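Being a predicted model, the structure only gives us computed values, none of them experimental. Residue numbers count from 1 along this sequence.
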Amino acid sequence: MNSQFNRISHEFAQSQGLHLTDMQALIALLDADPDEGPMTPGRLRRQLDLTSGAVTACIDRLEKAGHIRRVRAEDDRRVVHLYDAEAARSIARDYFQPLARGTEAARTGFRPDELMVVVRFLTELNRELTMLSSSSPQP
């Protein structure tokens, strides 16, 4: 399943002329929790585990392609907020709509109690993978 999601993501990135890192950044921006405030380059850098230079290059490419906008914070002009461009949201929505329909088709084959077990399993697996990732020795 992960391989198929990766394949779909790679195909989308290629169709948009994006690097895989650009795609990951765009997804992070589109999926950002609004309760955490606007996405910033620093937050994006930490989320994707990139260097400052790499995240700047990524943001430059996404902005040049028209997928995102940089907006200076009104209360502190040194702070940059990142927002998706409506065109990017529309392109992603159109491209991933078949995936959403397929997910919905698969989901309808299960009773609510069965889905709760699947959700519980995936939540626990994600927790374990997160712990494994954060406890791995860093070079």
Q | Spacing of Asp94 atom CG and Phe12 atom CZ [to the nearest 0.5 Å] | A | 9.5 Å
Q | Polar side-chain atom of Asn6 near backbone of Ser3 as donor-acceptor pair, under 3.5 Å | A | no
Q: Might you point out which heavy atoms bring Thr51 and Ala54 nearest each other, and give the distance in Å?
A: OG1-N, 3.0 Å
Q: With rounding to the nearest 0.5 Å, note down the distance linking CD in Gln24 to CG in Asp49.
A: 11.0 Å
Q. Does CD belonging to Glu124 count more than 12 external heavy atoms closer than 6.0 Å?
A. yes
Q | Rounded distance (nearest 0.5 Å) linking atom CG of Asp84 with atom CE of Met39 | A | 10.5 Å
Q. Quick one: does Arg72's side chain get under 4.5 Å of Val80's, heavy atoms only?
A. yes
**Q.** pair Glu86-Ser90: side-chain heavy atoms closer than 4.5 Å
**A.** yes
**Q.** Reported CD1-to-CZ distance for the pair Ile91 and Arg89, which is rounded to 0.5 angstrom
**A.** 12.5 Å
Q: Look at the side-chain heavy atoms of Ile, Leu, Val, Met, Phe, Trp and Tyr, link any pair under 4.5 Å apart, and say whether Phe121 and Phe110 land in one connected group.
A: no
Q) Under 4.5 Å between side-chain heavy atoms, hopping through other hydrophobics if needed: is there a path connecting Val117 to Met1? A) no
**Q.** Glu63 and Arg69 ion-paired at < 4.0 Å
**A.** no
Q: Could you tell me whether the side chain of Val55 reaches within less than 4.5 Å of the side chain of Thr21, counting heavy atoms only?
A: no
Q) Are any of the side-chain heavy atoms of Arg61 and Leu18 separated by less than 4.5 Å? A) no
(Q) With rounding to the nearest 0.5 angstrom, report the CZ to OG1 distance, Phe5 to Thr103. (A) 5.5 Å
(Q) For Tyr83, is the OH atom crowded, meaning more than 12 foreign heavy atoms sit under 6.0 Å from it? (A) yes
Q. Is Glu11 salt-bridged to Arg7, going by a charged N under 4.0 Å from an acidic O?
A. yes
Q: Check the pair Arg70, His81 against side chain to side chain donor-acceptor pair (under 3.5 Å), reporting the backbone distance first and the verdict last.
A: CA-CA 6 Å; Arg70 287 181 178 139; His81 294 153; over 6 Å; no
Q.
Would you say that Pro41 contacts Thr56 through its side chain, given a criterion of any heavy-atom pair below 4.5 Å between the two side chains?
A. no
Q: Find the distance between CG (Leu30) and CZ (Phe96) and round it off to the nearest 0.5 Å.
A: 9.0 Å
Q. Of the non-hydrogen atoms in Arg43 and Asp33, which two are nearest, and what is the gap between them?
A. NH2-O, 4.1 Å
Q) So do Ser52 and Arg45 actually touch side chain to side chain, heavy atoms under 4.5 Å? A) yes
(Q) Please determine whether a side-chain nitrogen of the Lys or Arg among Arg107 and Glu114 lies less than 4.0 Å from a carboxylate oxygen of the Asp or Glu. (A) no
Q | Greater than 12 external heavy atoms within 6.0 Å of Arg127's CZ | A | yes
Q: Apply side-chain contact (heavy atoms from CB on, under 4.5 Å) to the pair Ile59 and Ile68, showing each step before the final yes or no.
A: CA-CA 8 Å; Ile59 291 168; Ile68 67 168; 3.7 Å; yes
Q | Test side-chain contact (heavy atoms from CB on, under 4.5 Å) applied to Asn126 and Leu122, step by step | A | CA-CA 6 Å; Asn126 190 57; Leu122 291 174; over 6 Å; no
Q. With a 4.5 Å limit on heavy-atom distance, are the side chains of His10 and Met23 in contact?
A. no
Q.
Can a donor-acceptor pair be found, under 3.5 Å and without considering hydrogens, that links the side chain of Arg46 to the backbone of Gly42?
A. yes
